[in-house]
2 protein chains.
Amino acid sequence: MVTMRNIAEQVGVSISTVSLVLSDKDRGRVRSDIAQRIRQAALELGYQPNRLASGLRTNHSRIIGFLSNEVATTPFAGRMLEGAQDAALALGYMLLTINVHDNDRETDREITALKQYGTDGFIYARMFNQSTVLPAPLDGCRTVIANGTDAEGQAPSIIPDEYHIGLCATNHLIETGCKRIAYIGTVHTMIAQSGRVAGYLDALSAHGIPFDPEIMINVDDGADAAARLPAFFNAHTDLDGFFCFNDTRAWGVYEEAAHRGLVIGKDIAVVGVDNHEVIAEAIDPPLSSVELPHYEMGYWAVGKLVSMLQGETPEPFPCAGYPINRAQLPPLTDNHAKITCQLRIKQSWFRRRP
Amino acid sequence: MVTMRNIAEQVGVSISTVSLVLSDKDRGRVRSDIAQRIRQAALELGYQPNRLASGLRTNHSRIIGFLSNEVATTPFAGRMLEGAQDAALALGYMLLTINVHDNDRETDREITALKQYGTDGFIYARMFNQSTVLPAPLDGCRTVIANGTDAEGQAPSIIPDEYHIGLCATNHLIETGCKRIAYIGTVHTMIAQSGRVAGYLDALSAHGIPFDPEIMINVDDGADAAARLPAFFNAHTDLDGFFCFNDTRAWGVYEEAAHRGLVIGKDIAVVGVDNHEVIAEAIDPPLSSVELPHYEMGYWAVGKLVSMLQGETPEPFPCAGYPINRAQLPPLTDNHAKITCQLRIKQSWFRRRP
DNA sequence: CTGAAAGCGCTTACAG
DNA sequence: CTGAAAGCGCTTACAG
C-alpha cells in the first residue's frame with residue numbers, strides 16, 4: 001500500500017508537506033514546484049488515501065449510513081439506494097447500507113454497529129411516503145429522510161408532490177377526452193392518497209367536471225380489487241377514465257376491463273402510479289403511469305446531508321445512473337422538499353369513440 | 001464518545017489491559033475479577049469499539065464491499081443484498097455497497113474508492129447466473145461471486161442448481177398428470193437455460209415421455225412471446241404443461257391461455273422460474289414457480305468470504321431476514337457451490353379433465 | 001498478571 | 001515556505 005510516507009521519501013520532503021498538498025491546502029504554504037512534484041509522485045505511485053486513518057484523525061469518515069426497509073422486496077428501494085450511491089460517490093462519500101425492519105429491536109443494534117464505523121450521517125429511506133419517528137439511536141445524528149417526513153419536524157426530508165401527481169394524472173385523463181374518471185384507491189390511510197385525491201378533485205373542478213363520490217372506490221389489495229371491481233363496473237357503465245393509486249389497482253382495472261372486452265387506450269384510459277415495470281410493460285397496450293422519483297429522492301437526500309455535514313451547499317454534482325433533470329430537483333436549501341413526478345405516457349390516450 | 005481510555009481510568013487499569021479483556025484475549029493473562037470489572041464498566045458506559053481505529057491498527061476493517069449491478073431495477077439484487085447483510089451483521093462485518101455497471105470505466109473508480117476504506121474482501125453479485133470476469137481492481141482481493149462463476153476458476157462462487165430446477169419443475173408437472181410439456185425459453189445463450197433444459201429432458205426420459213423438440217420454443221422477450229405463442233398454441237393443441245424460463249414467458253403463456261379460455265390449474269399447468277411476486281400473485285389463480293435462492297446466495301457468499309478472511313469456518317450464524325433452511329445451504333468448504341431451489345406451489349395442479 | 005511503549009496513516013497546530 | 005511533534009483510538013509484542 002502506498003502511503004504519504006512513500007511519497008515524502010521519493011520527493012524528499014516531510015509527510016506534513018505531502019499531506020498539505022494532497023488535501024489541497026498548499027496555496028501560499030508550499031512552493032508550487034514542490035507541490036507539483038508531490039502530485040506527480042502521488043499519481044505515479046498510484047497513491048490512494050487511507051480513509052480509515054484520515055477518518056480517525058479528523059473524526060470525519062466520509063461514510064454515510066443508508067437505512068432502508070424493503071430493499072429485498074421491491075425495486076423501489078433499490079432505486080433510492082442507487083440515487084444515493086451516485087450522489088455519495090460524486091461527493092466523495094461511501095454508503096454503508098443497512099436493511100432495517102420496522103419496530104424491530106434488531107434495528108437499534110444495527111444502527112449502533114453502523115456508528116462504530118464513524119458514520120458522518122444517515123439517510124433514512126422509507127418505502128412509502130409516511131410520517132416517521134426516527135429510531136432512538138439516531139438521536140443527535142445528522143439524518144435526512146427520503147420518501148417520508150419527520151414526525152418531530154426536525155430532520156430534513158424529501159417527498160413526492162402527491163398533490164401534483166393527482167392533479168397531473170387527472171388533467172391528463174381529462175385532456176385525452178375522459179368525462180367520467182374513477183378513482184381506485186386504498187382503504188389504508190396514507191399521506192400519498194390524501195394528496196393525490198386532493199389533486200384529483202381540483203383537476204375535476206378546474207375543468208367543470210362534477211365530483212361524484214360514487215365513482216371513488218378504495219380496495220384493500222389485489223384480491224379485494226378483483227372481488228369488488230366487477231360490481232363497480234356494473235354500477236357505473238359510463239366510466240371512461242381510471243386514476244389508480246398504484247399498480248395493484250391498475251392491474252385490477254386491467255383484468256376487469258379485459259373480462260368485459262374493454263380495450264385500454266380505446267374504450268377506457270388508465271393511469272396508475274409507480275407501476276412495477278414488469279406489469280406496466282406486460283400489459284398490451286402498456287399502462288401509463290406516474291413515475292415516483294425514487295432515484296431522485298435518494299440523490300437529493302445525500303446532497304442535502306453532505307451540505308449539512310460540510311456547512312455549505314455542494315457544487316452541482318454528476319449522477320451516473322439515471323439521466324435526471326437537475327433543474328427539477330428542489331434546492332438543497334429546502335428543509336422539507338417536495339419533488340414533482342413525471343407522467344410516463346406509454347401510449348396515445350386519444351380516445352376514438354365509434 | 002466512550003473510549004478504552006475512559007474504561008481504563010474508571011477501573012484503574014491500563015488501556016492495554018482493557019484492550020486485552022474486551023477483545024477476549026484475557027484468558028490466563030488478566031485476573032478474572034479485574035476482567036469482570038472491565039466488562040462491567042464497558043457495559044455501563046455503553047462502550048462501542050471504534051472500528052476505524054482498530055481497522056487502522058490491525059489492517060482488518062471488518063468491512064466487506066458488496067458489488068452488484070441492477071439493485072435499482074429488480075428486487076432480486078435486493079434479496080442478495082439482504083442475505084449478505086444479515087450474514088455480515090451476524091459475523092460482525094459491515095457492507096459497503098456499490099452498484100456497478102458492466103463494462104463501465106466508472107466501475108474501476110468505484111472499486112478503488114471502496115478499497116480506500118480498507119475493505120477486507122468483496123462479494124461480486126451477478127444478476128443472472130453467468131461466467132464472470134472479475135474487474136481488474138479486484139485482482140489480489142479476496143472475492144466471492146454470488147450467482148455466477150469465475151471465468152478464471154479462481155474466486156469461490158455459488159450458483160443455483162439449474163439442472164435441479166429443470167428436473168424438479170418438470171417432475172412436478174408430470175406428477176400432476178401432464179403428458180405434453182412444453183418448454184418456453186429464451187433465445188439468449190444462458191447457463192441457466194442449458195442446465196434447466198437438461199433437467200427437463202432427464203425428467204421426461206425418466207418417466208418414459210418422449211422428447212419432442214417441436215414443443216420447445218425460445219422467445220426474445222415479452223413482445224416476442226406475445227407474437228409467437230398464438231401460432232405455437234395453434235400448432236400444438238394437445239399441450240397440457242408449460243415449463244417457463246422466467247416470469248416474462250410465464251406471463252406470455254398466461255395471456256395466450258386467457259385468450260383461448262384455458263384455465264391455468266385446470267386445463268393447463270404452468271411453472272415459471274423466479275416470478276416477480278407481483279405478477280405471480282396478480283394472476284388468478286396464481287402461478288407456481290421455482291424460487292431462485294437470492295437471499296441464500298448472498299448469505300452464503302458472506303459466510304464463505306469471512307471464512308477465507310479468518311482462515312476458519314465460522315460457527316453457524318443467525319439470519320434475520322428470511323427463515324432459511326441452513327441444512328440446505330452448501331457447506332462453506334465448497335469452492336464452487338450449487339444450491340437447490342424451492343418449488344413454490346401456489347395451487348393444486350391436480351388436473352380434472354372432464 | 002499488568003503496564004509502558006511503539007505504531008497503524010493521517011492531520012494540524014506550532015515552531016522555525 | 002517547511003518540518004518535527006502530537007495525537008485520533010486501538011493492538012501487540014515486550015519488559016517487568
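For clarity, every value in this text was computed on a predicted model and none was experimentally measured. The sequence lines fix the lettering, A, B, ..., with proteins before strands; numbering per chain opens at 1.
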Whole-Å distance between [N] [atom2] and [X] [atom1]?
X: B:Ile15; N: D:dG7; atom1: CD1; atom2: P; answer: 13 Å
X: A:Arg57; N: C:dC10; atom1: CZ; atom2: P; answer: 13 Å
X: A:Tyr117; N: D:dC8; atom1: OH; atom2: C1'; answer: 18 Å
X: A:Leu56; N: C:dT12; atom1: CG; atom2: P; answer: 13 Å
X: B:Gln116; N: C:dC10; atom1: CD; atom2: P; answer: 10 Å
X: B:Asp26; N: C:dC1; atom1: CG; atom2: P; answer: 10 Å
X: B:Gln36; N: C:dT2; atom1: CD; atom2: C1'; answer: 18 Å
X: A:Ile7; N: C:dC10; atom1: CD1; atom2: C1'; answer: 12 Å

Does [N] have OP1 or OP2 under 4.0 Å away from a side-chain N or O of [X]?
X: A:Arg5; N: C:dG9; value: no
X: B:Ser14; N: C:dG3; value: yes
X: B:Thr58; N: D:dT11; value: no
X: A:Thr3; N: C:dG9; value: no
X: B:Lys25; N: D:dT12; value: yes
X: B:Ser19; N: D:dT11; value: yes

Can any side-chain N or O of B:Thr119 pair as donor or acceptor with the backbone N or O of B:Ile63 at less than 3.5 Å?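 Such a contact is absent between B:Thr119 side chain and B:Ile63 backbone.
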Residues two or more places apart in sequence or in another chain: which of them pass side-chain hydrogen bond (donor to acceptor under 3.5 Å, both in side chains) with B:Gln48?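 With sequence neighbours excluded, B:Gln48 shows a side-chain hydrogen bond (donor to acceptor under 3.5 Å, both in side chains) to A:Gln116, given in chain and number order.
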Which is true for A:Gly55 with a 4.0 Å heavy-atom rule: it touches a base, it touches only sugar-phosphate, or it touches nothing?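 No contact at all - A:Gly55 keeps every heavy atom at 4.0 Å or more from the nucleic acid.
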So what does A:Arg31 hit on the nucleic acid, given a heavy-atom distance under 4.0 Å: a base, only sugar-phosphate, or nothing?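 Sugar-phosphate, no base atom in range.
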For nucleotides 13-15 of chain C, print each protein N/O atom paired with a nucleotide N/O atom at under 3.5 Å, atom names and distance only.
none

Under a 4.0 Å N-O cut-off, is there an ion pair linking B:Glu82 with B:Arg79?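 A salt bridge is absent here (no side-chain N lies under 4.0 Å from a carboxylate O).
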Quick one: the dot-bracket string of DNA chain D, using Watson-Crick and G-U wobble pairs with both distances under 3.5 Å, [ ] for crossing pairs and | for bases paired to another strand. |||.||||||||.|||
In chain order, what residues pass the side-chain contact (heavy atoms from CB on, under 4.5 Å) check against [X], with sequence neighbours excluded?
X: B:Thr3; value: B:Arg5, B:Asn6
X: A:Ser157; value: A:Ile145, A:Thr149, A:His336
X: A:Leu89; value: A:Met94, B:Ile98, B:Glu110
X: B:Leu52; value: A:Leu52, A:Ser61, B:Asn50

Establish, from distance only, whether the side-chain atoms of A:Ser19 and A:Ser16 form a donor-acceptor pair under 3.5 Å.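 No - no donor-acceptor pair under 3.5 Å links their side chains.
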Among pairs that include at least one residue of residues 26-40 of chain B, which meet side-chain hydrogen bond (donor to acceptor under 3.5 Å, both in side chains), considering only residues two or more places apart or in two chains?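 Counting only pairs at least two positions apart or across chains, the side-chain hydrogen bond (donor to acceptor under 3.5 Å, both in side chains) contacts touching residues 26-40 of chain B are B:Asp24-B:Arg39, B:Asp26-B:Arg39, B:Arg31-B:Asp33, B:Gln40-B:Glu44.
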For A:Arg126, which residues count as a salt bridge (charged side-chain N to carboxylate O under 4.0 Å, His left out) partner, sequence neighbours excluded?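 Listed in chain order: A:Asp102.
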Salt bridge (Lys or Arg N to Asp or Glu O under 4.0 Å): pairs with one or both residues in residues 136-159 of chain A, sequence neighbours excluded: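 Those involving residues 136-159 of chain A do not exist here.
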If you apply the rule side-chain contact (heavy atoms from CB on, under 4.5 Å), what do you find for A:Ser68 with A:Val100, and how did you get there? CA-CA 6 Å; A:Ser68 78; A:Val100 300; over 6 Å; no
Indicate every side-chain donor-acceptor pair of residues 298-311 of chain A with a distance under 3.5 Å to a residue at least two apart or in another chain.
from, atom 1, to, atom 2, distance (Å)
A:Tyr299, OH, A:Phe317, O, 2.5
A:Tyr299, OH, A:Arg326, NE, 3.1
A:Tyr299, OH, A:Arg326, NH2, 3.1
A:Trp300, NE1, A:Pro330, O, 2.9
A:Lys304, NZ, A:Leu332, O, 2.7
A:Lys304, NZ, A:Asp334, O, 2.9
A:Lys304, NZ, A:Asn335, OD1, 3.1
A:Ser307, OG, A:Lys304, O, 2.8
A:Gln310, NE2, A:Tyr93, OH, 3.1

Close approaches to DNA chain D from residues 39-52 of chain A, in residue order (heavy atom, under 4.0 Å):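 Contacts with DNA chain D under 4.0 Å: none.
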Name the closest nucleotide to the B:Thr17 side chain, picking from D:dT2, C:dC10, C:dT2.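 Among D:dT2, C:dC10, C:dT2, the one nearest the side chain of B:Thr17 is C:dT2.
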Taking the nucleotide of DNA chain C with the closest heavy atom to each, which residue, A:Met1 or B:Ser32, is nearer the 5' end?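 With A:Met1 and B:Ser32 compared, the 5'-side residue is B:Ser32.
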